[in-house]
Amino acid sequence: MFKKTTIGFMTASILALGSASTAHAESCMPIGGVAIPNFFAEGEGRPMIISAALTGSVQNAAGKITAQRETATGLEMDMEHYFGRDDGGAFLTKDLGILTAIPGKPGRYMLEITYDIQVDVTRGTLKGYYGRFNSYGLVDLRDPDNLVGLVRYSGSICK
């Protein structure tokens, strides 16, 4: 009986130690808040620039729309964003934005963006973080001199 218990304990200990050595300690944190983006057209053939004040996990963002395609329901955009925090943390994302036209409201769209953190471009308190998060909101693109929106972002990022 003692022998079986000892062998069982030793086997359990070895398995626990083996899994502990192969597992890495991942630390994740929620990310979320609201963004009020402003869009700036830089001219034909140049990316549209985005600047936003944010509340929540990050306080500012700047970005650009690098490509745009029309779809059956609206637009699809390739984007990049630089996000920053008051404590010096920052990261770059490569993104896909889907704009769905709102029926009966020309020039207004439901916006969904998936942000993919580029781990090699993380800084300060956010150095080494990776992951994906999303945003949802509305944009008004009727007036090319006054493109505006309101977006809610959320998800979690890990290190």
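No experiment lies behind these values; they were computed from the predicted model shown.
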Would you say the side-chain atoms of [X] pair up with the backbone N or O of [Y], donor to acceptor, closer than 3.5 Å?
X: Gln118; Y: Asp116; result: yes
X: Thr55; Y: Val34; result: yes
X: Thr122; Y: Gly128; result: yes
X: Asn146; Y: Val148; result: no
X: Arg152; Y: Ser135; result: no

Please collect all side-chain hydrogen bond (donor to acceptor under 3.5 Å, both in side chains) contacts where either partner lies in residues 81-91, sequence neighbours excluded, each pair once. His81-Asp95, Arg85-Asp87, Asp87-Thr125

Count I, L, V, M, F, W, Y as connected when their side-chain heavy atoms are under 4.5 Å apart, and connections chain through other members. Are Val151 and Leu75 then in the same cluster? yes

If you group Ile, Leu, Val, Met, Phe, Trp and Tyr by side-chain heavy-atom gaps below 4.5 Å, do Met77 and Leu138 land in one group? no

Does atom CZ of Arg69 have more than 12 heavy-atom neighbours from other groups under 6.0 Å away? yes

Can you tell me how far [atom2] of [Y] sits from [atom1] of [X], rounded to the nearest 0.5 angstrom?
X: Gln68; Y: Met48; atom1: CD; atom2: CE; value: 7.0 Å
X: Leu99; Y: Glu112; atom1: CG; atom2: CD; value: 9.0 Å
X: Thr114; Y: Ile98; atom1: OG1; atom2: CD1; value: 7.5 Å
X: Tyr130; Y: Ile157; atom1: OH; atom2: CD1; value: 10.5 Å
X: Leu96; Y: Asp78; atom1: CG; atom2: CG; value: 6.5 Å
X: Asn134; Y: Ser154; atom1: CG; atom2: OG; value: 6.5 Å

Ring centre gap for Phe83 and Tyr129 strictly below 6.0 Å: no

Pair Tyr153 and Tyr115, ring centroids less than 6.0 Å apart: no

Before accepting this row, confirm whether a basic side-chain N of the pair Lys105/Asp140 lies closer than 4.0 Å to the acidic partner's carboxylate O. no

Indicate the atoms forming the closest heavy-atom contact of [X] with [Y], along with that distance.
X: Leu54; Y: Ala35; value: CG-CB, 3.7 Å
X: Leu147; Y: Leu141; value: CD2-CA, 3.5 Å
X: Lys64; Y: Ile49; value: CB-CD1, 4.1 Å
X: Ile102; Y: Met110; value: CG1-N, 3.9 Å
X: Pro37; Y: Ile50; value: CB-CG2, 4.0 Å
X: Pro30; Y: Ser57; value: O-OG, 3.8 Å

Does the pair Ile117 and Arg132 meet the rule for a side chain to side chain contact (heavy atoms under 4.5 Å, CB included), with working shown? CA-CA 6 Å; Ile117 294 177; Arg132 173 183 278 185; over 6 Å; no

Does the side chain of Thr93 come within less than 4.5 Å of Ile113's, by heavy atoms? no

Any side-chain heavy atom of Met29 sitting closer than 4.5 Å to one from Leu126? yes

